[in-house]
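Only this structure's heavy atoms are used, side chains among them; waters, hydrogens and symmetry mates stay out. Note that the coordinates shown come from a computational prediction; the quantities given were computed from them, not determined experimentally.
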Amino acid sequence: MRQEEAPHLRHRRARPGTVWPLRGLMALLGMLFPALASVQTVIADKPLAFGILPLGGPSESVNAWRPMLDDMSTALQRPVSSVSVSTYEGLAQALAEKRIDLAFVSGLLALDAVTKDRMQVIAQLANDNHSRSYYSVLIVGKDSPIHNLDDLFHHPGHWRYAHGEVLSVSGYLVPETQLFAERKLDSDTYFATVTVDNHQNNALAVANGEADVASNNTADLERFAKRFPEQYARLRILWKSSPIPHAVIIIRSDLPPALRDQVIGFVTHYARHGRNAAAELAKLKLIHDISGFSPAGNDALIPFANIQYTLDRRHALSAQWINTAAMQARLQKIETDHNELLRRLQPPARP
């Protein structure tokens, strides 16, 4: 009795004319492979987009960062483009739209990017004395009648105030947390007028008599003193905060691991190691009072999470509620969200 072949194993004779379509397909693939290789090369050479925290104007920031970014391009053998905007909100939008691969950002922007936009912290700015912190300040004119905080807070609706954007840690979040919320006040309603601008323009506003008081920070004031010595001489620091961690560099988590490792190696060694360290340090001085970048992870953002938590609690405690139960529910939500955020920011446990 003859055994039958399984249908899917039977050999079938090709019908006349079926060979030529196969040869045609092979010829077509032969033409496509060089094109596909070209596409892969374009993808491999796609520029890395570096987002720049606005320090002064956008063009000024780009010019300051360009020497370091050119060195990064050489080290990575890949173009590195820059994305510089005039506002924190603009940078936050670019991060949310994934138009940025890595960026130098404030702690609050980094916190938002890490929790929402699949990015991670790879380094943190260090200044000349290798400190990882700086201070928020309030500045007034040298001859201002505001001699102390009592003078500031005994005259509601009287002074003109200039502060940073809501996403600015030193320009808004810290003064709001440590000064205004502490007194159950809102800076946006306490003063006669409020303007929002970057640190440089706010310092100029006070120096030129266009604002009575402004928020700023010690790092930007040092830079301001070098660029505008005459205007700086007209300023006086009224208040200084507790230490604030410096800004960080973040990178997209979905970039190839090898590329991320290359970027991390470049950033954390730049101006600190190698025979070109001195020349690289001179390039960093064009940006800010920077001596390099220390390796860091998402846990570097915990202090910023705590600042936001403190402000959220103080706002909740000073708000008007229909009853105590509603306030307690809000406080519990703040507590739960904060604990979950801290859990996410913690480094992974070692095996």
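- No chain of hydrophobic side-chain contacts below 4.5 Å, direct or via other Ile, Leu, Val, Met, Phe, Trp or Tyr residues, connects Tyr172 to Leu108.
- Gly292 and Arg272 get closest at one heavy-atom pair: CA-NE, 3.9 Å.
- Taking hydrophobic clusters as Ile, Leu, Val, Met, Phe, Trp and Tyr residues chained together by side-chain heavy-atom distances below 4.5 Å, Leu221 does not share a cluster with Val174.
- Not a single ring-ring contact (aromatic ring centres under 6.0 Å, His included) links His315 to another residue, sequence neighbours left out.
- Checked by atom type and distance alone, the side chain of Trp65 never pairs as donor or acceptor with a backbone atom of Gly51 at under 3.5 Å.
- When all heavy atoms are compared, the tightest approach of Met119 to Ile250 is SD-CD1, 3.8 Å.
- Tyr134 contributes no side-chain N or O that, together with a main-chain N or O of Asp220, makes up a donor-acceptor pair within less than 3.5 Å.
- To the nearest 0.5 Å, the span separating CE on Met68 from NZ on Lys283 amounts to 10.5 Å.
- Annotation: the span from Leu91 atom CG to Leu167 atom CG amounts to 9.0 Å, rounded to 0.5 Å.
- Formation of a donor-acceptor pair under 3.5 Å by the Asn198 side chain with backbone atoms of Gln200 is found in this model.
- A pairwise comparison of heavy atoms in Ile139 and Ala203 identifies CD1-CA, 3.8 Å as the closest pair.
- In this structure, Val248 is a member of the same hydrophobic cluster as Leu111, with clusters built from ILVMFWY side-chain heavy atoms closer than 4.5 Å.
- In this structure Phe224 satisfies the ring-ring contact (aromatic ring centres under 6.0 Å, His included) test together with Phe228, sequence neighbours excluded.
- Listed by chain and residue number, nothing satisfies the salt bridge (Lys or Arg N to Asp or Glu O under 4.0 Å) test with Glu335 (two or more places apart in sequence, or in another chain).
- Using a 4.5 Å heavy-atom cutoff, the side chains of Pro175 and His163 are not in contact.
- Contact of the Leu48 side chain with the Leu259 side chain is registered, since non-hydrogen atoms from C-beta on lie closer than 4.5 Å.
- Pairing each heavy atom of Ser144 with each of Arg236, the nearest pair is O-NH2, 3.3 Å.
- Relative ring orientation between Phe180 and Phe191 is described as perpendicular, the plane-to-plane angle rising above 60° on a 0-90° scale split at 30° and 60°.
- Rounded to the nearest 0.5 Å, atoms CD1 (Ile307) and CD (Gln178) are 7.0 Å apart.
- In this structure, Asn216 contributes its side chain and Val137 its backbone to no donor-acceptor pair below 3.5 Å.
- Taking CG from Leu173 and CD from Glu165, the interatomic distance works out to 13.0 Å, rounded to the nearest 0.5 Å.
- Summarising the geometry of Val83 relative to Ala49, their closest heavy-atom pair is CG2-CB, 4.1 Å, with the distance given to 0.1 Å.
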Can you check side chain to side chain contact (heavy atoms under 4.5 Å, CB included) on Ser136 and Ile244, steps first, answer last? CA-CA 7 Å; Ser136 174; Ile244 308 169; 3.6 Å; yes
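- Counting heavy atoms from C-beta outward, Leu255 and Val263 have side chains that stay 4.5 Å or more apart.
- The shortest heavy-atom contact between Ser215 and Gly171 is OG-O, 2.6 Å.
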Tell me, with the steps shown, if Asp186 and Glu176 meet side chain to side chain contact (heavy atoms under 4.5 Å, CB included). CA-CA 7 Å; Asp186 183 337; Glu176 200 69 20; 3.6 Å; yes
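- Linking Ile, Leu, Val, Met, Phe, Trp and Tyr whenever their side-chain heavy atoms come within less than 4.5 Å leaves Leu311 and Tyr135 in two separate clusters.
- In this structure, the side chains of Asp212 and Leu152 stay at 4.5 Å or more apart for every pair of heavy atoms.
- Checking side-chain atoms of Ser73 against main-chain N and O of Leu69 turns up no donor-acceptor pair under 3.5 Å.
- Residues Phe50 and Ile52 meet the side-chain proximity criterion, which asks for heavy atoms closer than 4.5 Å.
- A distance of 10.5 Å separates CG in Asp70 from CE in Met72, rounded to the nearest 0.5 Å.
- No more than 12 heavy-atom neighbours from other residues, nucleotides or ligands sit within 6.0 angstrom of OH on Tyr232.
- With sequence neighbours excluded, no residue forms a salt bridge (Lys or Arg N to Asp or Glu O under 4.0 Å) with Arg183.
- Hydrophobic clustering (ILVMFWY, side-chain heavy atoms < 4.5 Å, transitive): Trp239 and Val194 are in one cluster.
- The aromatic rings of His155 and Trp159 stand perpendicular to each other, their planes meeting at an angle above 60°, with 30° marking the opposite boundary.
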Would Leu138 and Ile146 satisfy side chain to side chain contact (heavy atoms under 4.5 Å, CB included), going step by step from the backbone distance to the final call? CA-CA 11 Å; Leu138 288 189; Ile146 308 173; over 6 Å; no
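- Atoms CD and OH, on Glu280 and Tyr270 in that order, are 5.0 Å from each other to the nearest 0.5 Å.
- At distances below 3.5 Å, not a single donor-acceptor pair connects side-chain atoms of Ser82 with backbone N or O atoms of Val62.
- Residues Glu210 and Leu204 fail the side-chain proximity criterion, which asks for heavy atoms closer than 4.5 Å.
- We find that Glu340 and Arg343 are joined by a salt bridge, their nearest charged nitrogen and carboxylate oxygen being less than 4.0 Å apart.
- The ring pair (Phe, Tyr, Trp, His ring centres under 6.0 Å) pairs that include a residue from residues 293-314 are Tyr309-His338, where partners are two or more places apart or lie in different chains.
- Using a 3.5 Å distance cut-off with no hydrogens or angles, the side chains of Arg78 and Gln262 do not pair a donor with an acceptor.
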Audit row: Leu149, Leu179, side chain to side chain contact (heavy atoms under 4.5 Å, CB included) steps and yes/no: CA-CA 9 Å; Leu149 291 179; Leu179 277 178; 3.8 Å; yes
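- By the salt bridge (Lys or Arg N to Asp or Glu O under 4.0 Å) test, Lys333 pairs with Asp337, sequence neighbours left out.
- With hydrogens and angles disregarded, no donor-acceptor distance shorter than 3.5 Å links the side chain of Asp197 to the backbone of Asn202.
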